[in-house]
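Quantities reported herein were computed from a predicted structural model and do not represent experimental measurements. Residue numbering restarts at 1 for every chain, and letters A, B, ... go by the order of the sequence lines.
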Protein chains: 2
Amino acid sequence: MIQLSKKVEYGLIALRHMAIHQQGQIFTAKELANIYDVPYELLAKVLQKLARTGTISSIQGVRGGYMLIKKPSELSISRIIRIIEGEKPMIAECYVDGPDSCSIFDNCSIRRPLGKVQRNLNVLFDKMTIQEIV
Amino acid sequence: MIQLSKKVEYGLIALRHMAIHQQGQIFTAKELANIYDVPYELLAKVLQKLARTGTISSIQGVRGGYMLIKKPSELSISRIIRIIEGEKPMIAECYVDGPDSCSIFDNCSIRRPLGKVQRNLNVLFDKMTIQEIV
DNA sequence: CATAAATACGACTCTAATGGTCTTATATCG
DNA sequence: CGATATAAGACCATTAGAGTCGTATTTATG
Ligand code: SF4
Ligand code: SF4
């Protein structure tokens, strides 16, 4: 399957929401979860990851929440996936976890050729940003 | 995860193997499985799917096997994925299984924008063929 | 005709990843 | 203090992926 995970989708939805509103505005996880009917706890964890990496800032306590601090044009899909999934989107397992991750690595005849696909994917996901999905 | 499944990888490996050899040559599943150290039964099922859709022809019985009948340039990654996985590579679940497949379909703000990604993906997977991975 | 070699096909198991939930801790405003 | 919010990690259920097995069918060949 070549599909985005729910976590990534929820992250994109949240980031887009922040991007289309006034900069500096604060949104709570609960609020976002309600608007988009997304599981609160799951969204919260995604937002926490985004906060840890400096994509959004988090304000704890009463009247707290999250605030977008990066420019939408700097937030590529690629980057968001890497933050949320922990790794860049890769077409083949061995590209992520190295030679030992695939039992047929040594006999694989498509690894090199797939590099071309990977490079195109990189371009695609790198140049598509939150800016462009508002 | 944006990864090809093992079945697709095995299919690509097999098709590429046929493509780089003389046209009309017959290969058995066992033979291919041995060369690339791929699980025989799994590869066999993939080859059967490819045979059912007229991508390769199958010859039963002793001295049987599979033979490539389509031109490598006609075999796009997109097409091969569709044959083996049963559906085209789609970036979002709802694109495959419709509105009811996603609980937040009605509130989803990224579905439309993701269409752009999907179109780029289509182009990428459509124009990359077995021809280009020899 | 008997046998061996090969595809055809479906049932089955095992494992890991995903999606989702729950609990507890911590921070902060009023 | 108490309400509200993030932080973090454990936990669980479901599913999809990878792989295996068993059996039927086809067919070349001695
Ligand atoms: S070695 Fe080949 S089969 Fe294994 S993961 Fe890499 S590309 Fe896929
Ligand atoms: S509706 Fe939105 S969240 Fe649901 S699958 Fe489609 S794109 Fe993803």
Just grab all the ring pair (Phe, Tyr, Trp, His ring centres under 6.0 Å) pairs involving residues 113-134 of chain B, residues at least two apart or on different chains. none

Would you indicate whether the side-chain heavy atoms of A/L12 and A/V8 approach each other to under 4.5 Å? yes

When all nucleic acid strands are considered with a 4.0 Å heavy-atom cut-off, which category describes B/A51: base, sugar-phosphate, or nothing? nothing

Excluding sequence neighbours, so at least two apart, what forms side-chain contact (heavy atoms from CB on, under 4.5 Å) with B/S57? B/I59, B/M67, B/I69

Look at all strands and tell whether A/A44 reaches a base, only sugar-phosphate, or nothing, counting heavy atoms closer than 4.0 Å. nothing

Residues at least two apart in sequence or cross-chain that pass side-chain hydrogen bond (donor to acceptor under 3.5 Å, both in side chains) with B/N122, listed by chain then number, are B/Q118

If only side-chain N and O atoms of B/S58 are considered, is one of them under 4.0 Å from the OP1 or OP2 phosphate oxygen of C/dA8? yes

Under the side-chain hydrogen bond (donor to acceptor under 3.5 Å, both in side chains) rule, collect the residues that match up with B/E85, sequence neighbours excluded. B/S5

When you check every protein heavy atom under 4.0 Å of nucleotides 10-21 of chain C, what one-letter string (B, S, -) results, 5' to 3'? -B------SSBB

Pairs of donor and acceptor atoms involving the side chains of residues 38-49 of chain A, under 3.5 Å and at least two apart or interchain, shall be tabulated with distances.
| residue | atom | partner | partner atom | Å |
| --- | --- | --- | --- | --- |
| A/K49 | NZ | A/I84 | O | 3.1 |

From CZ of B/F27 across to P of C/dT7 the rounded distance in Å is 13 Å

Which pairs of donor and acceptor atoms, one on a side chain in residues 103-110 of chain A, lie under 3.5 Å apart (sequence neighbours left out)?
none

Residues 126-134 of chain A, side-chain donor-acceptor partners within the protein, below 3.5 Å, at least two apart:
| residue | atom | partner | partner atom | Å |
| --- | --- | --- | --- | --- |
| A/D126 | OD1 | A/S78 | OG | 3.0 |
| A/T129 | OG1 | A/Q131 | N | 3.2 |

Side-chain polar contacts of residues 17-30 of chain A - donor-acceptor pairs under 3.5 angstrom, sequence neighbours left out - could you list them?
| residue | atom | partner | partner atom | Å |
| --- | --- | --- | --- | --- |
| A/H17 | ND1 | A/Y36 | OH | 2.6 |
| A/H21 | ND1 | A/H17 | O | 2.8 |
| A/T28 | OG1 | A/E31 | N | 3.0 |

Reading DNA chain D 5' to 3', which nucleotide is the first, and which the last, to come under 4.0 Å of any heavy atom in chain A? D/dA3 to D/dG17

Using atom names, set out every protein N or O paired with an N or O of nucleotides 28-30 of chain C below 3.5 Å, distance rounded to 0.1 Å.
| residue | atom | partner | partner atom | Å |
| --- | --- | --- | --- | --- |
| C/dT28 | O2 | A/V62 | N | 3.3 |

Donor-acceptor list for residues 94-102 of chain A side chains, cut-off 3.5 Å, not counting sequence neighbours:
| residue | atom | partner | partner atom | Å |
| --- | --- | --- | --- | --- |
| A/Y95 | OH | A/R111 | O | 2.5 |
| A/Y95 | OH | A/G115 | N | 3.1 |
| A/S101 | OG | A/G98 | O | 2.6 |

